[in-house]
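The structure presented is a predicted model; accordingly, all values stated were derived computationally and were not measured.
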Amino acid sequence: MDEILKEPTEERSLNFLEEIVEADLASGKHMSILTRFPPEPNGYLHIGHAKSICLNFGLALKYGGETNLRFDDTNPTKEDVEYVDSIKEDVQWLGFQWAKELYASDYFEQLYIWAQELIKRGLAYVDDQNQEEIRINRGTVTRPGVESPYRGRSAEENLMLFSAMREGKFKDGEKVLRAKIDMSHPNMLMRDPILYRIIHAHHHRTANDWCIYPMYDYAHGQCDSIEKITHSICTLEFDVHRPLYDWFIEKLEIFPSKQYEFARLNLTYTVMSKRKLLELVKRGFVAGWDDPRMPTICGLRRRGYTPESIRLFADKVGVAKRDNIIDLSLLEWCVREDLNKRANRYMVVLDPVKLTITNYPEGTTELFTPALNPEDPAAGSRNVIFSRELFIERDDFMEEPPKKYFRLKPGGEVRLKYSYIIKCEEIIKDENGKIVEILCTYDPDSRPGTGEWRSVKGTIHWVSAPNAVEAEVRLFDRLFTNPEMDNLDEGKEYIDYLNPDSLKVVKGYAEPALIDDKSLTAVQFERIGYFAKDYDWSTNKPVYNRTVGLKSAW
RNA sequence: UGACCUAUGGUGUAAUGGUAGCACUACUGAUUUUGGUUCAGUCAGUCUAGGUUCGAAUCCUGGUAGGUCAACCA
């Protein structure tokens with residue numbers, strides 16, 4: 001019994017972050033861990049953030065720690081509560097709960113006091129140079145910078161000026177507070193980085209309390225430190241910021257949070273930059289941030305992706321420090337993997353052609369009760385009405401079929417899913433040669449549950465023509481046609497790769513049971529794909545968004 | 001003509017000085033009332049040149065390639 005209970009846990013090696021955490025826990029450096037997810041509320045979360053969320057929350061969950069949600073709101077000109085709300089909703093939808101909801105702006109006063117301390121110790125100064133001068137005097141990556149003429153101001157003068165900055169005595173850009181480090185440092189970030197700049201703008205939380213705002217580098221590490229974050233995980237491009245992160249913590253002698261970097265997620269055929277996504281929305285190429293074609297969490301949600309599938313994906317992509325570009329097919333596999341287990345099945349015909357069973361008695365119907373989901377017996381069953389006149393998929397019949405075509409062909413037999421075997425006897429065409437009706441006969445002895453089971457090569461889906469309900473379907477395809485959206489052809493912009501066929505709306509016919517489906521996940525249209533119920537904004541009629549097609553479904 | 005980060009099949013990711021493994025993709029085959037699922041299998045990899053070592057994907061050095069950094073963005 002014990003052996004049965006002892007589930008042979010999947011042998012899985014640790015990623016480098018888990019190794020660091022385990023080492024820190026083992027050495028007693030930390031008794032427990034605290035991570036944080038620190039979005040700037042200036043846009044909606046996307047699948048790339050999902051990786052970061054799963055990493056931060058997942059690490060804490062695995063090692064019995066906690067995770068804070070902290071909004072990095074140090075730039076009032078870009079941020080908005082709209083984004084704060086959507087971020088909270090998306091993190092929760094993904095299935096994570098933060099220990100504390102915090103804001104960098106909660107710490108503005110403490111940050112200000114620490115800045116005064118740096119000034120007193122001769123480690124910071126007020127600079128009067130304008131933006132242009134500061135930029136030029138910073139030097140280049142190959143040439144050292146030039147020290148500011150204001151670098152030698154006394155602590156008293158700096159304190160006075162800094163206080164005047166806070167009191168609003170200066171206009172935007174007139175003065176900044178800089179750290180006094182090394183203008184010839186090989187790392188550009190260490191060439192007297194700016195700590196505070198003047199921005200007379202309304203902040204979504206502190207309103208007009210402040211007109212000076214800390215820069216990312218001055219705020220982030222100290223915020224981590226205040227919260228006693230043990231492992232501050234961010235993406236690779238912040239690697240060069242780490243010396244600065246450590247510099248402030250060391251000089252201020254505060255809790256030694258440590259920063260670790262991992263490679264951000266890239267997906268084929270997908271743009272991940274918030275700036276570009278915002279442009280897609282603003283220029284109307286998509287209906288909004290939650291357009292089902294968007295890689296945003298809310299877009300994926302409307303598309304029918306489950307939180308489980310996204311978490312599975314985050315797990316599958318792994319964590320490392322090398323740049324990567326994940327094949328979209330991995331994401332699609334994760335979605336199918338999850339949905340296959342939980343999606344209810346329905347028959348829907350998207351491109352109908354009429355099929356009449358000539359030897360089936362007119363005016364009679366039959367009821368079949370197939371399982372809603374053969375992968376999950378607990379899902380129950382549904383009623384499917386069978387009749388003399390059906391719709392089948394136009395694709396499921398070929399007059400001149402190739403060799404390995406298993407579906408309906410002249411003189412051929414095929415099983416109608418859940419019901420009888422039929423044989424194609426005659427084709428009726430219109431004056432243009434288009435097939436308008438297929439006449440078949442059925443084998444009454446092939447009824448499931450009666451007599452001996454007979455196998456035929458092909459099984460096709462169908463709906464009863466008199467009973468079918470209309471189902472509007474949105475067939476989404478990838479938004480872009482280029483596999484590497486960060487690696488474009490010369491002279492082209494990402495917008496040039498927009499896929500004109502990314503959205504196709506089709507009116508199909510569905511079995512009536514679909515209407516009553518109450519499941520919260522996408523359903524499977526048999527032999528077609530997974531579809532999530534959505535609503536057309538103007539008509540409020542249900543429409544079905546294609547989540548992902550079935551793998552090689554014809 | 002700088003500093004830092006990185007380099008394993010087509011794509012990701014393991015192997016921490018000792019048999020290069022796993023997943024996705026592609027392709028075979030078996031099962032199947034979804035050409036789905038499931039199962040079995042095949043193709044395919046250590047950037048390069050030296051060095052250390054009995055032994056190197058792993059350590060060292062040089063080279064090459066890619067990435068990051070010169071916002072009062074994060």
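The side chain of A:Pro448 lies closest to B:U33 when the candidates are B:U33, B:C24, B:G2. Proximity note for A:Arg322 (side chain, C-beta onward) versus B:C24, B:U6, B:U37: the nearest is B:U6. When distances are taken from the side chain of A:Asp323 to each of B:G66, B:U34, B:A74, the shortest belongs to B:G66. Taking every side-chain heavy atom of A:Pro374 into account, B:U34 is the closest of B:C72, B:C5, B:U34. Distances from the side chain of A:Val240 to the nucleotides B:C69, B:A70, B:A74 place B:C69 closest. With B:C5, B:A70, B:G36 as the candidates, the nucleotide lying closest to the side chain of A:Met188 is B:A70. In the set B:U13, B:A3, B:U37, B:U37 carries the atom at the smallest distance from any side-chain atom of A:Lys551.
Ring-plane geometry between A:Tyr213 and A:Phe108 is classed as perpendicular, the angle between the planes exceeding 60 degrees on a 0 to 90 degree scale with a lower cut at 30. By the 30° and 60° cut-offs, the orientation of the rings of A:Tyr245 relative to A:His220 is tilted. In this pair, A:Tyr83 and A:Trp289 present their aromatic rings perpendicular. The plane angle is above 60°, beyond the 30 to 60° band.
Across all strands shown, B:C4 forms a Watson-Crick or G-U wobble pair, both distances under 3.5 Å, with B:G67. For B:C59, the paired nucleotide is B:G51, the pair qualifying as Watson-Crick or G-U wobble because both relevant distances are below 3.5 Å. The base-pairing partner of B:C73, taking Watson-Crick or G-U wobble contacts with both distances under 3.5 Å, does not exist among the strands shown. Base pairing annotation: B:G45 forms no Watson-Crick or G-U wobble pair, as no partner gives both donor-acceptor distances under 3.5 Å. Summarising the base pairing, B:C24 is matched to B:G10 through a Watson-Crick or G-U wobble pair whose two defining distances lie under 3.5 Å.
Side-chain contact between A:Tyr418 and A:Pro448: absent, with no pair of heavy atoms (C-beta onward) separated by less than 4.5 Å. In this structure, the side chains of A:Tyr125 and A:Ser148 come closer than 4.5 Å at one or more pairs of heavy atoms.
Among the protein residues, A:Asn130 comes within range of the nucleic acid bases, having at least one heavy atom under 4.0 Å from a base atom. Residue A:Leu189 is in sugar-phosphate contact alone, with no base atom involved, counting any heavy-atom pair closer than 4.0 Å across all strands shown. Looking at heavy-atom distances under 4.0 Å, A:Leu416 makes no contact with the nucleic acid at all. Base engagement by A:Lys417 is indicated by at least one non-hydrogen atom pair under 4.0 Å involving a base atom. Looking at heavy-atom distances under 4.0 Å, A:Glu19 makes contact with a base. When heavy atoms are screened at a 4.0 angstrom cut-off, A:Val317 is found touching the sugar-phosphate backbone but no base atom. A:Met347 comes within contact range of no nucleotide atom at all, as no heavy-atom separation falls under 4.0 Å. A:Asn75 comes within 4.0 angstrom of the backbone, heavy atoms only, and of no base. The residue A:Glu332 sits apart from the nucleic acid: no heavy atom pair falls under 4.0 Å. Using a 4.0 Å heavy-atom distance criterion, A:His220 is classed as making no nucleic acid contact. Within the nucleic acid shown, A:Thr459 comes within 4.0 Å of sugar-phosphate atoms alone, with no base atom in reach, counting heavy atoms only.
Contact annotation: A:Arg197 side-chain N/O to B:A74 OP1/OP2 distance is under 4.0 Å. Applying the 4.0 Å criterion to OP1 and OP2 of B:A70, one finds that A:Thr142 has every side-chain N and O outside that range. A sub-4.0 Å separation between OP1 or OP2 of B:U34 and a side-chain N or O of A:Arg407 is absent. Neither OP1 nor OP2 of B:C69 sits under 4.0 Å from any side-chain N or O of A:Arg191. For A:Arg454 and B:U33, the shortest distance from a side-chain N or O to OP1 or OP2 is not below 4.0 Å. Put simply, A:Arg138 has a side-chain N or O that comes within less than 4.0 Å of OP1 or OP2 on B:C72.
Using a 4.0 Å cut-off between charged side-chain N and carboxylate O, A:Arg70 and A:Asp224 make a salt bridge. Salt bridge status for A:Arg242 with A:Glu261: present, with a side-chain N to carboxylate O gap under 4.0 Å. Residues A:Arg311 and A:Asp315 are not paired through a salt bridge, judged by the lack of any N-O separation under 4.0 Å between the basic side chain and the carboxylate. Under 4.0 Å is where a charged nitrogen must lie from a carboxylate oxygen, and between A:Arg382 and A:Glu511 at least one such pair does.
Separating the P atom of B:C24 from that of B:G41 is a span of 14 Å, rounded to the nearest Å. Nucleotides B:G12 and B:C60 have their P atoms positioned 25 Å apart, rounded to a whole Å. Annotation: B:U13 and B:G50 have their C1' atoms spaced 29 Å apart (nearest Å). Across B:G62 and B:U52, the matching C1' atoms stand 15 Å from one another, rounded to whole Å. Comparing the same atom, C1', in B:A26 and in B:G18 gives a spacing of 34 Å after rounding to whole Å. Spacing between B:A20 and B:A15 at atom C1', rounded to whole Å, works out to 7 Å. The C1' atoms of B:A56 and B:C47 are separated by 16 Å, rounded to the nearest whole Å. Going from the P atom of B:U46 to that of B:U32 covers 41 Å, rounded to whole Å.
Comparing A:Lys321 and A:Asn373 by the nucleotide of RNA chain B that holds the closest heavy atom to each, the one mapping nearer the 5' end is A:Lys321. Sequence order on RNA chain B of the closest nucleotides to A:Glu237 and A:Phe406 puts A:Phe406 first from the 5' end.
Residue side chain A:Trp453 meets the stacking definition with respect to B:U33: its ring centre sits within less than 5.5 angstrom of the base's six-membered ring centre, and the planes differ by less than 30 degrees.
Base orientation for B:A30: anti, the chi torsion being more than 90° from 0.
Side-chain N/O atoms of A:Arg345 and base N/O atoms of B:U34 include a donor-acceptor pair closer than 3.5 Å.
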